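Please read all numbers here as calculations on a predicted model, not as lab measurements. Below, read A as the first sequence line, B as the second, and so on, with proteins coming before strands; counting in each chain starts at 1.
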Amino acid sequence: MPQVNPIVIFMTVAYFAVIFGIGYATRKASADPMDYYVAGRKIGPVVNGAALAATFLSPASFLGLPAFIFLLGYPFWWAMVGIIGGMPLATMLTAAPLRKYAPVSFTDYYCDRYEDQKLMRIITGIPILMGTWAYVVLSLVGTGLFMMAILQIPYVWAVIIGAVAVLFYVYMGGMVATTWSTAFQGVLMAVAAVVCGIAVLMHYGGFGNLADAIFTSTPNFWLMPYVQEGAFSHPLFKSWTGVFGFFFVWHFGFATMPYSVVRFFTAMDVRSARKSVIWTGVFGGAMYWGLIIIGSAARHLIETLHPLMGGILQTADGPVTIANVTQVLTRIRNDFGVGGAAITDYSMIAAIEALNNPWLLGLLVAGGLAIAMSTAAGWLVVGNVLLGRDWLAKAFGNKWAIENPIKSLRLMTVLILLVGVYYSFNPLALVLDLSGWAFVMTVATLGVPLVLGLWWPRATKTATYATIIVFFPLVLYSWLAARSNLGSPHWFFLSELFLGEGGRISTPHQIYWVPVAFIFFIIVSLFTKPASQETITKYCDDLHV
Amino acid sequence: MFKGMKPHFWWGMGIFYGYVFVMMILEMNVPGLTYAIKLGGAPISFLYAHLIGLYLLPLGVAYLFWWVPEQEDKKVKGEKKDAAS
């Protein structure tokens with residue numbers, strides 16, 4: 001691994017100086033709870049769009065997507081098209097109606113639309129809390145990996161330093177600090193990915209040569225299902241279900257995930273909310289453009305240029321000469337004590353390390369820190385509002401939380417971070433796998449009642465409760481069952497029941513639960529009592545803009 | 001269900017999903033489409049998936065979803081002005 005480089009350190013210090021400066025400059029925002037919750041609804045479309053991109057796109061994007069392209073090949077490109085293509089979907093489906101409604105927190109809409117102010121907050125809060133856990137963990141893993149690349153320090157210390165930095169600016173100014181600092185981070189991450197992508201292209205001398213190099217190192221990389229008898233880029237892409245499944249895993253998230261939806265609340269007005277989505281696409285799409293290039297080239301770059309190639313790896317059978325990408329990553333894991341599944345996520349950083357340009361690596365790690373910290377901060381705001389305001393104050397009527405709203409949120413921020421830090425020392429899965437599970441779980445349980453609550457007068461409270469209570473454990477169980485019994489959460493968990501031993505059907509992250517939950521919600525709604533006409537008019541019909 | 005959703009939403013999503021799924025199905029049926037068929041020396045997938053599918057098309061749809069309501073608002077404002085004068 002390269003030595004600590006002063007240029008990389010300088011760029012990291014500059015990055016931290018800017019975000020801490022923003023946190024300091026916006027510290028007065030925390031005096032007013034409304035500013036703390038939703039930035040006083042003063043945020044314009046460009047800033048909000050950049051902040052949306054940085055919050056919504058996480059280390060799961062910056063590290064996880066290139067790692068998945070590296071592992072799975074070309075068909076995974078379509079998953080990235082699905083993510084960016086899901087952004088405009090949100091404009092009319094949720095962004096404009098929710099901005100018109102202008103709530104304070106994510107659970108407010110469910111409580112008002114389904115006429116239940118207490119139990120609804122608790123039940124809808126359960127999937128949100130699990131999503132917060134998954135995303136804070138994966139963001140801290142990402143922060144830790146980037147800090148490790150910068151400082152060459154053990155992974156555990158890298159995670160702790162990253163967590164302290166996140167705490168500082170969320171603690172200082174809530175949503176205002178996170179909106180402004182996140183907007184800066186949104187621009188930075190897009191610039192970092194595009195510049196690194198262009199550098200990779202220049203290294204190869206263009207798209208054609210890059211494609212040929214990939215073909216040389218991984219001949220099956222470019223294969224879609226069915227085009228070559230008996231061959232595929234990865235067993236998950238042996239059939240069309242893998243391609244379509246991955247396309248949809250993250251597709252509906254921008255319109256329905258709490259951490260992106262709450263940013264629609266901060267927009268100045270409905271027009272601004274709509275325009276924000278265009279800017280999110282500008283920044284997010286540019287970043288993905290660069291990530292596809294880096295992820296596609298990663299294996300070839302590492303195996304031809306990484307300084308650890310040809311070095312020594314200590315194994316149980318004695319020392320061996322490092323000859324491939326797996327051994328490079330194993331050596332890095334051993335050197336820095338990287339826990340759990342996180343090391344594969346390092347492939348993206350290793351690919352840029354291989355180019356041996358400190359300015360490029362400095363830019364990449366600054367962009368990576370930006371995306372990891374912004375997502376952690378975004379989810380911390382969702383989580384602290386849920387625990388401090390929605391649960392403690394609103395649902396349980398806790399006097400201290402009602403009288404000290406800001407202190408309550410800050411206390412919850414610290415608690416969530418502590419739990420997140422603990423789990424990120426030894427993450428249970430790759431960052432993109434944690435993200436995929438959180439997406440499918442949240443869209444199936446909360447996304448369906450949100451979208452249908454906005455667009456279907458017949459949607460009922462009972463259907464909302466039933467959908468959350470049924471699909472939260474189902475998604476969790478099927479995901480874990482597939483992972484432990486079949487070796488990957490991307491296989492249909494009952495594959496062997498239908499196809500016999502060894503049989504596999506590719507259904508990434510058990511994505512089929514989303515349409516099943518949609519149908520389930522409709523059926524239960526049709527057989528149960530709808531909300532009053534006044535509520536339907538106010539929280540459904542009148543929000544259609 | 002989805003009563004009140006403006007027609008341009010369905011147009012936009014139809015264009016996006018139509019394009020994506022047609023390209024995916026073509027890729028599964030035309031050997032070499034992703035790599036062997038080239039334009040200016042680069043595999044054509046860099047154009048239809050990497051540039052158009054990933055970037056230009058979603059941006060175009062997002063722009064459409066912003067632009068149409070803007071035009072409708074302008075029209076309504078114009079009509080109100082005319083009525084007032």
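Looking only at side-chain heavy atoms (C-beta outward), Val20(B) and Phe247(A) come within less than 4.5 Å of each other. With contacts defined as side-chain heavy-atom distances shorter than 4.5 Å, the pair Met224(A)/Leu33(B) does not qualify.
Among Ile83(A), Leu452(A), Val277(A), Ile292(A), the residue making the largest number of heavy-atom pairs under 4.5 Å with chain B is Ile292(A). Between chain B and the options Val282(A), Leu210(A), Val243(A), heavy-atom pairs under 4.5 Å are most frequent for Val282(A). When the candidates Val61(B), Leu59(B), Leu64(B) are compared by the number of heavy-atom contacts under 4.5 Å with chain A, Leu59(B) comes out ahead.
For Met202(A), the CE atom sits in a loose shell: 12 or fewer heavy atoms of surrounding residues, nucleotides or ligands are nearer than 6.0 Å.
Between atom CG of residue Leu39(B) and atom CZ of residue Phe207(A) there is a gap of 11.5 Å, rounded to the nearest 0.5 Å. Taken from CG in Leu454(A) to CZ in Phe2(B), the straight-line distance is 9.5 Å, to the nearest 0.5 Å. Summarising the geometry, atom CG belonging to Leu56(B) is positioned 12.5 Å from atom CD1 belonging to Ile84(A); distances are rounded to the nearest 0.5 Å.
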Please list every donor-acceptor pair closer than 3.5 Å that links chain A with chain B, giving the two atom names and the distance for each.
| unit_1 | atom_1 | unit_2 | atom_2 | d |
| --- | --- | --- | --- | --- |
| Tyr74(A) | OH | Glu27(B) | OE2 | 2.3 |
| Trp78(A) | NE1 | Glu27(B) | OE1 | 2.8 |
| Asp212(A) | OD1 | Tyr35(B) | OH | 2.7 |
| Asp212(A) | OD1 | Lys38(B) | NZ | 3.1 |
| Trp222(A) | O | Thr34(B) | OG1 | 2.6 |
| His251(A) | NE2 | Tyr17(B) | OH | 2.5 |
| Arg271(A) | NE | Glu70(B) | OE1 | 3.4 |
| Arg271(A) | NE | Glu70(B) | OE2 | 2.7 |
| Arg271(A) | NH2 | Glu70(B) | OE1 | 2.9 |
| Val282(A) | O | Tyr55(B) | OH | 2.9 |
| Trp289(A) | O | His50(B) | NE2 | 2.9 |
| Trp455(A) | O | Phe2(B) | N | 2.8 |
| His544(A) | ND1 | Lys3(B) | O | 3.3 |

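Contacts between Met92(A) and chain B at a heavy-atom distance below 4.5 Å involve backbone atoms as well as side-chain atoms. Within the 4.5 angstrom heavy-atom criterion, only side-chain atoms of Phe16(B), from C-beta onward, approach chain A. For Met1(B), the parts sitting under 4.5 Å from any heavy atom of chain A are the backbone and the side chain alike. Heavy-atom distances place no part of Ala459(A) under 4.5 Å from chain B, backbone and side chain included.
Applying the ring pair (Phe, Tyr, Trp, His ring centres under 6.0 Å) rule to Phe520(A) yields the partners Phe471(A); only residues at least two apart in sequence or on another chain are considered.
Taking all atoms of both residues into account, the shortest heavy-atom contact from Gly208(A) to Pro43(B) is CA-CD, 4.2 Å. Listed here is the closest heavy atom pair of Leu54(B) and Gly285(A): CD2-O, 4.1 Å.
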